Amino acid sequence: MKFFVDTASRKEIKRLVEWGIIDGVTTNPSLLSREEGKPEEIIRDICEIVGGPVSVEVVATDYENMVKEGRRLASLHEHVVIKIPLTEDGIKAMKTLSDEGIRINATLIFNPIQALVAARAGATYVSPFVGRLDDIGHDGMQIVKQIVDIFTIHEIETKVLAASIRHPRHVLLAALAGADIVTIPPAVFDKMIRHPLTDVGLEKFLSDWKKASKSFDS
Ligand code: G3P
């Protein structure tokens, strides 16, 4: 399972790329609106930093303008993937852009049938929003599992990208559900690597070593 970062913060992306485990980035209009500067510059910078797929969402809502905006955003950098919401106009725009060879991330997916439709429209990725379903009392990860099952049964190549991730348990469940990718906010990455027993264990190893006054040859 690949890890993407769910943020538009160049500072956070740089920090996490240095870990060496990041394959891509997902942004959305809310995330980009929080960053200072021209969106196009931010997008180009992120593409250079991550060196892999960077999802950028169109803000137009009608077919013609979604297609126009999608083409323009895709021309910014070879790593840009166009994020399109699962609406009637969105489906048509997905089909047109994917036929032109532009990679699509179908976003705001809340059930497996929406994912199936997006795959038929040529989406490279589908993004089920796990946390937002959990927020309203549903089992968000069940949707991920069902999409994975459907895509496996029908040999669909579209990748399942688990999104709206709120905590490390979501990452665990996405892995168990068979998601191809999980897009994770920076704060969740930090929580993923922490364990109190790791800290206690390290402290003990180092104090034992120090007490014994040992050293490795340098
Ligand atoms: O980028 C889409 C998705 O991950 C948004 O997450 O936390 O706003 O529901 P959230």
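All values reported here derive from a predicted model rather than from experimental measurement. Each ligand, and each atom within it, is numbered from 1 in the order the structure gives.
Sorted by chain and number, the heavy-atom contacts of ligand 1 below 4.0 Å come from Asp6, Asn28, Lys83, Phe129, Arg132, Ala163, Ser164, Arg166.
Asp190 has a carboxylate O that lies under 4.0 Å from a charged side-chain N of Arg15, or vice versa, which qualifies the two as a salt bridge.
For the side chain to side chain contact (heavy atoms under 4.5 Å, CB included) test, residues two or more places apart in sequence or in another chain that qualify with Arg72 are Glu40, Glu69.
Side chain of His77 to main chain of His79: a donor-acceptor pair is present (N/O by atom type, distance under 3.5 Å, no hydrogens or angles).
The hydrophobic cluster containing Ile181, built from Ile/Leu/Val/Met/Phe/Trp/Tyr side-chain heavy atoms closer than 4.5 Å, also comprises Phe4, Val81, Tyr125, Leu161. Chaining together hydrophobic side chains whose heavy atoms lie under 4.5 Å apart places Trp209 alongside Phe216.
Checked against Ser55 for a side-chain hydrogen bond (donor to acceptor under 3.5 Å, both in side chains), the options Thr26, Asn105, Thr107 give a single hit: Asn105.
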